[in-house]
There are 2 protein chains.
Amino acid sequence: MLSKSSKYGIRGVLYLALNSNENRKFSPTTIAKYIGVPAPFLAKTLQLLTKNHLVSSSKGRHGGFYLSDKNKQNSLIAIVDCIDGLDKFESCIIGLPVCSNENPCPMHDRLAPLRRAMVEELTNKSIEEFTNDLRSGKTHIFL
Amino acid sequence: MLSKSSKYGIRGVLYLALNSNENRKFSPTTIAKYIGVPAPFLAKTLQLLTKNHLVSSSKGRHGGFYLSDKNKQNSLIAIVDCIDGLDKFESCIIGLPVCSNENPCPMHDRLAPLRRAMVEELTNKSIEEFTNDLRSGKTHIFL
DNA sequence: ATATAAAAAGATAAAAATATCTTTTTATCT
DNA sequence: AGATAAAAAGATATTTTTATCTTTTTATAT
Ligand code: FES
Ligand code: FES
């Protein structure tokens, strides 16, 4: 459904949303240990997200990755879009070159709305909002 | 969302559902030409589906791939399951080792039902039923 | 029987995704 | 200023997916 890169990215971002701020930064190694993903691969992903201003970082001693308050206002769809792109949510399920209501494939009418609903769920809730349920223990991101 | 193999497979199967029967069989090359996919790759996929009794074939002269009446009663989920497996519809969106209502990740409650609905849409309609809309021109599988 | 035309099986190639390692740059502490 | 610890960038390796090509098996027509 999502690439591993996106999965790791989301988990990393949620970890940072929970634990980081401007004066509490984390190395990819530390994050990777907590969320159980390959550290150098996560590092690459966080670098990409940082380049696109979805994650913040500072170099040098006491540097690390963190989420600014602004970063926490983004939605998870921005993370997925940055890493995987939204193509898989917008293009035809069975690979026809155009996906449209006017010229639908046999599955379009049934599946396209569900696909759209998924995107909406990832869009209309900020990263910060996701942390509430995480803090209360209703949801989790650990192994 | 689906692998190319599944996409090609579904389109190939729908082509056969529309055009084939016990005495009208098609070579992968012919099918591939019509649905616009790489022929040898489609051949592999059809072979796999045949081995799993989702597509029928006969060797030798005047042989080819076709769908038996029984094959046409299958649902598309069987095709996807055979080629990709259903893991992507059943395992955690963000890659946690277990996906369950009891121990949900932050997206589970919102996305798992949509995922399930997708599987249902692919399950509760037979391949044959999909051909009605195709014949009437309401939907299409061509480029 | 033999030639033919097709799927099946197997081998190989190319591209993309995943994973790791090394070097460079940068900020901060002493 | 020099040492240090971190991200950033770059290079390399592995695995999976996608794609193609070749050989073998099989059914049928002649
Ligand atoms: S045309 Fe196939 S999903 Fe829209
Ligand atoms: S636990 Fe993540 S989708 Fe179910």
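Letters A, B, ... mirror the listed sequences (proteins, then strands); counts begin at 1. Worth knowing before you read on, the calculation uses all heavy atoms, side chains too, and leaves out hydrogens, waters and symmetry mates.
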Next on the checklist: Expected output is a numbered-order residue list: members of residues 21-32 of chain B with a heavy atom under 4.0 Å from any atom of DNA chain C. What is it?
Outcome noted: B/Phe26, B/Ser27, B/Pro28
Checklist entry - According to a 4.5 Å side-chain heavy-atom criterion applied to Ile, Leu, Val, Met, Phe, Trp and Tyr, with indirect links allowed, do A/Leu134 and A/Tyr66 form part of one hydrophobic cluster? => result no
Checklist entry - Looking just at side-chain N and O atoms, do A/Ser136 and A/Asp133 make a donor-acceptor pair shorter than 3.5 Å? => result no
Checklist entry - Taking 4.0 angstrom as the limit, do B/Glu121 and A/Arg110 come out as a salt bridge? => result yes
Checklist entry - Between A/Asn124 (side chain) and A/Glu120 (backbone), is there a donor-acceptor pair under 3.5 Å? => result yes
Checklist entry - Separation of B/Ile83 atom CD1 from D/dT17 atom P, in whole Å? => result 13 Å
Next on the checklist: If only side-chain N and O atoms count, and only distance matters, is there a donor-acceptor pair under 3.5 Å linking A/Glu129 with A/Ser126?
Outcome noted: yes
Next on the checklist: Near DNA chain D, counting only heavy atoms under 4.0 Å, which residues of residues 57-71 of chain B show up?
Outcome noted: B/Lys59, B/Gly60, B/Arg61, B/His62
Item to check | Check: B/Lys125 side chain, B/Phe130 main-chain N or O, donor-acceptor pair, under 3.5 Å | outcome: no
Checklist entry - Mind checking whether A/Tyr15 and A/Phe26 have ring centres under 6.0 Å apart? => result yes
Next on the checklist: Both atom distances under 3.5 Å, Watson-Crick or G-U wobble: I'd like the secondary structure of DNA chain C as a dot-bracket string, with | for pairs made across strands.
Outcome noted: ||||||||||||||||||||||||||||||
Item to check | Donor-acceptor contact present, side-chain B/Thr131 to main-chain B/Glu128, <3.5 Å | outcome: yes
Checklist entry - Which residues, if any, of residues 46-55 of chain B bring a heavy atom under 4.0 Å of DNA chain D? => result none
Next on the checklist: Taking A/Ser91's backbone N and O only, do any of them form a donor-acceptor pair with A/Arg115's side chain (distance below 3.5 Å, no angle check)?
Outcome noted: yes
Checklist entry - When you check the side-chain N and O atoms of A/Ser100 and A/Asn103, is any donor under 3.5 Å from an acceptor? => result no
Item to check | Polar side chain donor-acceptor pair, A/Ser58 to A/Lys25, under 3.5 angstrom | outcome: yes
Checklist entry - Is the side chain of A/Ser20 donor-acceptor paired with the backbone N or O of A/Ala17 at a distance under 3.5 Å, no angle test? => result no
Item to check | Shortest non-hydrogen contact between B/Cys82 and B/Asn52, atoms and distance | outcome: SG-ND2, 3.5 Å
Checklist entry - With distance as the sole test, does A/Asp81 use its side chain to make a donor-acceptor pair with the main-chain N or O of A/Ala78 at under 3.5 Å? => result no
Show me the donor-acceptor pairs, under 3.5 Å and distance only, between side chains in residues 40-47 of chain A and residues at least two apart or in other chains.
from, atom 1, to, atom 2, distance (Å)
A/Thr45, OG1, A/Ser5, OG, 3.2
A/Thr45, OG1, A/Phe41, O, 3.1

Item to check | Nucleic acid footprint by protein, nucleotides 17-23 of chain C - heavy-atom cut-off 4.0 Å, B for base, S for sugar-phosphate alone | outcome: -SBB---
